[in-house]
Each structure stands twice: as C-alpha cells, then as structure tokens.
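Data first, discussion second: the structure below is written as structure tokens.
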Amino acid sequence: ENKGIANGTTTGTVTVTVVDNHDGTLTATADSTTASPLTFTNTYKVTSTKTSFPVKKVVESETANTAPGAWSYDFALTDSDGEVDKVTINGTGNADGTKTYKELTYSAPGTYTYTVTESATTGSENKGIANGTTTGTVTVTVVDNHDGTLTATADSTTDNPLTFTNTYKVQPAEASFPVKKIMSVPGGLTGPATWSYTVDVTAQGDAPEAKTMTDSVSNTSDTVAFGPITFDKPGTYTYKVTETGTIKGVTNDGEATTGKTVTLTVVDNKDGTMTATADSTTEKPLTFTNKYDAEVTIDPTDEEAKTVF
C-alpha cells in the first residue's frame, strides 16, 4: 500500500554503450553503475493531527452541611512560547465543572508538555474557599502510525481529567444567651428583702458547652448570660435551663425543675463565616417568674382584724 509515501520521478533512462575491442570482442558499459546507480527517490510524509483535552474543577466542603456561594476560576494553558488557551469554570456550592481546551495541531511526533495555571476569575470573590494546588501539567504524546498519519494522546482525558480541588472552610461562630428572673410581688407588698437562685444549663445532644454552665441570679442582679458558646458547624442546638432555690413566701416558676429550652440556630453564610442566633435575647430573654405572697396571721382576740380579713 506504501501508505504515506509520495512518488517522485517515476521514469529514468539507462544508456548502454557497446564498443568493438578490435580483437573479436565487444565491451558493453552502462551509465548506471554500482557506484552511481540510476536512483528513484520517494518521500514519506505525515499529515498533521489534532487533539483537545479537559480540565476539571472541584469545590468541596471541609464541614458537613456547609457550601460556598458562587465561585469562578480561570485556567490558563501555556507552553514554552506562552499562553495557548484559557477556559473559565464557575459554579455555586459544592460542585464540579469541566471545560475542554481548543483543539491543538501537531505536525511531528514527539512529547509536548503544557502547564495549566488556576487563578480566581477577575471580579470573583470565592469567599471561604481555600486554594489547593494552583498548577498542573498535561502531556501530549504524538506518535507516527507509519501510514502517513499521526496520533496525539493527552494524559488528561474525559475519564481522568487534570483536576483542581479547592476546599470551602467556615470559621467558628460564637453566641451567648441571657436568663432572667422575675420576682412577682402583689401590690401593697414589698416582697422578700433578699433572694438568690441558681440557674443551671445543660447542653442537649451534640450542643457544645459554654465555659460556665451554672450561675446565679439575685435581687441585685436578676439576669445572667451564658456564653460565649463556640459552634464549628451549622445546625440547631438546644439547651435545657433549670432553676433551683427556696425563698420563704415565694412559689417557684412551674417549670423551674422540669426546665425550659433555649434554641440556638447556626447558619452558614456561604462566605466562610457562620452566624449563631439564640431565641433568648436581650430584648426577650428566657424568663423564670416566681411569685411572692405573704401569709396573713390573725390575732383571734382582735375583733377588728377579723372583720378586715
């Protein structure tokens, strides 16, 4: 088939000269000799080939139930002569994307090496996303098929593309919450001169604890704050709050022993930060209300008192 071989001149001439040696013999001499034969030269030629290859971007989260907002990255493809091509991959949240570079042309066998460099797209913030490796290499191997064709094969393929992986990370969030004591005293009474109660907080489930989970409230300081409490992942966290203490003439809140619940909600802001919010706030704190009531003692000999009470 002689594939890839282009013919040159297809005809040639050989001249044979025969001379009489004048001795009853002849000598024949050709102009195509061992030293200088008639030669036909053909040329083997290969046609150029093309290939393209992908680059992949992966964004994943370090912490469960978190994900970034919008992100965008550029991937510049360069060789020894400079930039060859550039693609942009963007997305939202924990996602991946793949783009394919333009077709590249090869006219000779060999090994061709390219550098892929990742950078944030101009104008993109990519908040909370930590870069991984920012450069990678793609190698294209071009081989002669010995039939006039070339085959180019890249080591970045659809099934196994060159991949850049970045990780989204959130910073811990802190929050505190107040607990308030109300001493309800009927009109005309002054209530107990002094009082004090112990407030205990118990973390429920996987809720983290504050440094101090027990404190007290009194007639001189009726509100206590628990925190800051540090949260390292989004979620809903609950705390059981109970109150103990006995003051003469005071009936404790009906839920003092069984406890009341404070809920803190922690959300991912999609920018590497989280916000923790408690449903017990300065404006509307979790409250235990105790009631004071004086017991009246009547002198049985005091007829006027009997009439009043």
Side-chain angles (χ1 to χ4, degrees), residues 1 3-6 43-171 233 268-272:
E1 294 181 335
K3 289 183 177 180
I5 300 175
T43 302
Y44 176 71
K45 296 180 180 181
V46 291
T47 56
S48 61
T49 188
K50 295 181 178 182
T51 194
S52 59
F53 46 84
V55 61
K56 183 177 182 179
K57 179 67 183 173
V58 175
V59 175
E60 57 189 19
S61 291
E62 181 180 63
T63 303
N65 301 318
T66 64
W71 50 263
S72 183
Y73 291 89
D74 294 334
F75 298 87
L77 180 70
T78 59
D79 61 12
S80 58
D81 294 324
E83 186 170 289
V84 176
D85 195 15
K86 180 188 288 186
V87 295
T88 299
I89 302 176
N90 48 48
T92 300
N94 296 325
D96 59 71
T98 302
K99 286 288 185 70
T100 300
Y101 289 108
K102 68 181 182 181
E103 281 193 322
L104 303 178
T105 301
Y106 303 90
S107 58
T111 300
Y112 300 82
T113 302
Y114 301 89
T115 299
V116 179
T117 303
E118 175 194 80
S119 61
T121 303
T122 301
S124 65
E125 295 183 327
N126 305 327
K127 289 183 176 180
I129 300 175
N131 289 339
T133 301
T134 55
T135 60
T137 300
V138 175
T139 299
V140 176
T141 303
V142 181
V143 297
D144 175 13
N145 299 317
H146 305 297
D147 60 1
T149 65
L150 299 171
T151 297
T153 305
D155 59 2
S156 176
T157 65
T158 302
D159 295 331
N160 187 29
L162 174 65
T163 301
F164 292 81
T165 301
N166 289 13
T167 302
Y168 175 69
K169 300 180 180 182
V170 290
Q171 299 300 312
K233 61 183 178 180
D268 173 16
N269 298 321
K270 311 297 183 184
D271 61 0

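Fair warning: this is a prediction, and the values are worked out from it, not measured in the lab. Only this structure's heavy atoms are used, side chains among them; waters, hydrogens and symmetry mates stay out.
- Sorted by first then second residue, the salt bridge (charged side-chain N to carboxylate O under 4.0 Å, His left out) pairs that include residues 132-145, not counting sequence neighbours, number zero.
- Here the side chains of V55 and Y73 are not in contact, with every heavy-atom distance at 4.5 Å or above.
- Applying the side-chain hydrogen bond (donor to acceptor under 3.5 Å, both in side chains) test to D147 and every residue at least two apart in sequence or in another chain returns T149.
- Under the salt bridge (Lys or Arg N to Asp or Glu O under 4.0 Å) criterion, K45 pairs with no residue, sequence neighbours left out.
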For this session: Please lay out, stage by stage, how V58 and T163 fare under the test side chain to side chain contact (heavy atoms under 4.5 Å, CB included).
Result: CA-CA 7 Å; V58 175; T163 301; 3.8 Å; yes

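- Between the side chain of S61 and the main chain of T66, a donor-acceptor pair closer than 3.5 Å is present.
- For the pair W71 (side chain) and G93 (backbone), a donor-acceptor distance under 3.5 Å is present.
- Under the 4.5 Å side-chain criterion, counting only non-hydrogen atoms from C-beta, N126 is not in contact with P68.
- Of the possible polar contacts, one joining the D79 side chain to the G82 backbone as a donor-acceptor pair under 3.5 Å is found.
- Residues in residues 150-159 take part in these side chain to side chain donor-acceptor pair (under 3.5 Å) pairs, two or more places apart or across chains: N145-T151.
- The distance from atom OG1 of T135 to atom CG of L162, rounded to the nearest 0.5 Å, is 9.5 Å.
- Rounded to the nearest 0.5 Å, atoms CG (D85) and CZ (F53) are 8.5 Å apart.
- When the salt bridge (Lys or Arg N to Asp or Glu O under 4.0 Å) test is applied to K56, no partner is found at least two apart in sequence or on another chain.
- Atom CG of D268 is separated from atom OG1 of T63 by 9.0 Å, given to the nearest 0.5 angstrom.
- Checked by atom type, the side-chain pair N166/K57 shows a donor-acceptor distance below 3.5 Å.
- For E83, the side chain to side chain contact (heavy atoms under 4.5 Å, CB included) test picks out A76, T78, K86, with sequence neighbours left out.
- Take T121 and apply the side chain to side chain contact (heavy atoms under 4.5 Å, CB included) test, not counting sequence neighbours, and it matches S72, D74, T88, S124.
- Here F164 pairs with F75 under the ring pair (Phe, Tyr, Trp, His ring centres under 6.0 Å) rule; sequence neighbours left out.
- Here side chain to side chain donor-acceptor pair (under 3.5 Å) pairs that include residues 102-112, with residues two or more places apart or in two chains, are Y106-Y114.
- In this structure E125 satisfies the salt bridge (Lys or Arg N to Asp or Glu O under 4.0 Å) test together with K127, sequence neighbours excluded.
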